[in-house]
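The next block holds one structure in the form of structure tokens; read it before the comments.
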2 protein chains.
Amino acid sequence: MEMDERKATILQAIIRNYLETGEPVGSRTISKYTDLNLSSATIRNEMADLEEMGYIIQPHTSAGRIPSDKGYRFYVDTMMEAKDREISEMKKVLMERQDKLEDMLKGVVKLLAKDTQYASLITAPSVSRNKLKFIQLSRIDDEHLLTVIVKEGNVIKNKVVDITEPVNEETLLKLNLMLNTQLSGMTMDEISLSMITGLKAQAGSHSGVISEVIDAVAEAISAEEDLKVYTSGANNILKYPELSDNSEKAGHLINTFEEREGLEELIIGGEDGDEAIKVYIGSENKVSGMEDCSVVTATYELEGGMKGTIGIVGPKRMDYDKVVGTLKSLRSGLDDLYKKDN
Amino acid sequence: MEMDERKATILQAIIRNYLETGEPVGSRTISKYTDLNLSSATIRNEMADLEEMGYIIQPHTSAGRIPSDKGYRFYVDTMMEAKDREISEMKKVLMERQDKLEDMLKGVVKLLAKDTQYASLITAPSVSRNKLKFIQLSRIDDEHLLTVIVKEGNVIKNKVVDITEPVNEETLLKLNLMLNTQLSGMTMDEISLSMITGLKAQAGSHSGVISEVIDAVAEAISAEEDLKVYTSGANNILKYPELSDNSEKAGHLINTFEEREGLEELIIGGEDGDEAIKVYIGSENKVSGMEDCSVVTATYELEGGMKGTIGIVGPKRMDYDKVVGTLKSLRSGLDDLYKKDN
DNA sequence: TGTTAGCACTCTTTTAAATCGAGTGCTAAC
DNA sequence: GTTAGCACTCGATTTAAAAGAGTGCTAACA
């Protein structure tokens, strides 16, 4: 059996209709819904074919059909219009100057959730590839030093270093100078272990304290940025019966959003691909508890190559068209926005 | 009509029972439940009295009674045992060294939610009364300075200051010295406007840039710590039919927890009172959408007078006894914990 | 006078049965 | 290849009946 144009049209009509209503759709509906001018009987025949081919499913005898994951996949891959939507409200709100990146991200994700009515998330742009601008060690008291690391884009990182014996001002100055000359301009990735050993040698570090400090600084530099995730609209999950009927699953989902744990999984695949926007239908995503959801992610990029991800999570009968459109324009708008702000 | 001991016992029995089952409780149940050895008929008479007095409510004719807000209040105020519960698991988990205050708080709130099965929140200890340890201004590039502010307890705050013209090293050194001599040891509250003006004068700030910098630093110092709130267990709301049946309200509640917005309201009253643990029943709390909930908050205090709040939000038929016990021991345990960690 | 047994009454919940209705598959005719 | 028609299926809705929980009231009892 082969997918011909008519079958595709019918499949599309079924999915479109199901997206709207959430109810299984029957042959009569399609007969009227499309402009193919076919009777319900004919549609029935085609639907039987489509079912055999695995694109649609019958929840029980004498119910209409609903799309299978395969059906959604076909729809997303081949039939979605890639129209660029208006995002007037979105733009307007985002244009208002927001001081901090954090606030901006929170604003964006909130807006996205409100606009799409799905649970949404956004990650802060990763800065691990950013170059190091400068490092500063300062003395807090006899037992503590403060390390401040400034990266490109003026992203700042602090760490308090415990020291076992006091360090005098002169040593500190020397250390500062050395660290800056050696490390500034490098990306986090480039700073390797051998480099650190080199630094220690250069510092003539027979004294344990200096070695200690260098280790701590190295650790501070290479420490995993914990991926900051902002979420909004988890409560939208309750709006879709197919997700909220099983209240245990729904609770689990909501919890995932509240705690922001495990959401990285959603995003990780998204970075390396060449496609900017990805759609995961049903069990295509590997996060436990999200088998009944679809996930759409988009990567965005700010100046300086900082990349982050925006995503939305909703029921499989998601308005893919709208979501993809929204993410598309949002994605391209974010960079402009950030430039304006900074 | 007056509340005598027997009525109180019966009221207590009603409430206890209702807390467990969530169902209206009838006279026969109480007759067996208490050791008063009274027949259901007698209990019925007493219940009629209690209803007249406003402590219990009959949802509809021929249903049992449920406690009114007034009933809960009476229960909480007079009848709750203040036993100190075991928190073995809690202590054990918390004892595991956790590096950051943030992680600790997240751990605590998660544990609390798990233990009580209610939605939980915790605020980071407020540091506005902490003394300033030192300030450091550094040059990032020609347009940006970095302000690092270290407070007691090694709490660090950063701010990037935009400057309109470059500042040379010498000026920076001078500024650093001045800021530190003048400001260190003071609390955030003590640093007033007049002080800032004084600083500017002292800096001989005819040059606009210096004045600019001082302003920015002052702003950075006095900027409201945004109250960090950590939450967990919002999904527990779904476990209580009286909260989750109205899915709109439930969604609103969950959203409040996810966004962590408006939760401050819950907490604000808690700080100034003398009572460490407070119970708000039903509409006693002023957060919109939480009329059907009860809220229990406890303030905790870390070394150095840093205060924060722990709270739980649940249905009115909350296990007040357990919750208060848990919060009590948690509250007293937090300081020890923090000391060990730091 | 306080307590209790008993009973009629009320109202919700549960259960069962009946009916409805959307949708199908198949057949036969166009 | 398309369509009308029809018998059939099976979940959903409606309806009715029964069950159950609990009350208020009255009258009897200690």
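Chain naming here is simple, since letters A, B, ... match the order of the sequence lines and numbering starts at 1 in each. The structure displayed is predicted, hence computed values, not measured ones.
Phosphate contact (OP1/OP2 of C:dT10, side-chain N/O of B:Thr61, threshold under 4.0 Å): absent. Proximity of A:Arg44 to the phosphate of D:dT3: no side-chain N or O atom is located under 4.0 Å from OP1 or OP2.
With rounding to whole Å, A:Asn45 atom CG is found 13 Å from C:dA28 atom C1'. Look at CD1 on B:Ile43: it is 16 Å from P on C:dG2, rounded to the nearest Å. If you take CD of A:Glu51 and C1' of C:dG25, they are 12 Å apart, rounded to a whole angstrom. One interatomic measurement links the two molecules: CE of A:Met47 to P of C:dC26, which rounds to 15 Å at whole-angstrom precision. In this entry the distance linking NE2 of B:His60 with P of D:dG24 reads 13 Å, nearest Å. Residue B:Asp4 contributes atom CG, which lies 11 Å from atom P of C:dG2 at whole-angstrom precision. Taking atom CZ on A:Arg65 and atom C1' on C:dG23, their separation rounds to 9 Å, with Å as the unit. What separates CZ of A:Arg6 from C1' of D:dT3 is a distance of 12 Å, to the nearest Å.
Base-pair partner of D:dT14: C:dA17 (Watson-Crick or G-U wobble, both distances under 3.5 Å). Figure legend. C:dA29 is base-paired to D:dT2; pairs are counted as Watson-Crick or G-U wobble with both atom distances under 3.5 Å. When both pairing distances are held under 3.5 Å, D:dA19 makes a Watson-Crick or G-U pair with C:dT12.
For the atom pair A:Ile57 CD1 and A:Ile66 CD1, the distance stands at 5.5 Å (nearest 0.5 Å).
Contacts of A:Thr42 with the nucleic acid, taken as non-hydrogen atoms under 4.0 Å apart, include base atoms. The residue B:Ser27 sits close only to the backbone: its heavy atoms come under 4.0 Å of sugar-phosphate atoms, none of a base.
The cationic group of B:Lys106 does not satisfy the cation-pi geometry with B:Tyr230, failing either the under 6.0 Å distance to the six-membered ring centre or the 45° limit from the ring axis.
In this structure, B:Arg260 places its CZ atom where more than 12 heavy-atom neighbours from other residues, nucleotides or ligands lie under 6.0 Å away. Heavy atoms of other residues, nucleotides or ligands lying less than 6.0 angstrom from CZ of B:Arg73 number more than 12.
The base of C:dG21 does not come close enough to the side chain of A:Arg28 for any donor and acceptor atom to sit less than 3.5 Å apart. Interface remark: the B:Ser62 side chain does form a donor-acceptor pair with the C:dT10 base, using a distance-only criterion of under 3.5 Å.
Set against C:dT24, D:dT23, D:dT3, the side chain of A:Ala41 has D:dT3 as its closest nucleotide. The side chain of A:Thr29 lies closest to C:dG23 when the candidates are D:dT23, C:dA5, C:dG23.
The backbone N or O of B:Asn236 lies less than 3.5 Å from no partner atom in the side chain of B:Gln117, so there is not a single donor-acceptor pair.
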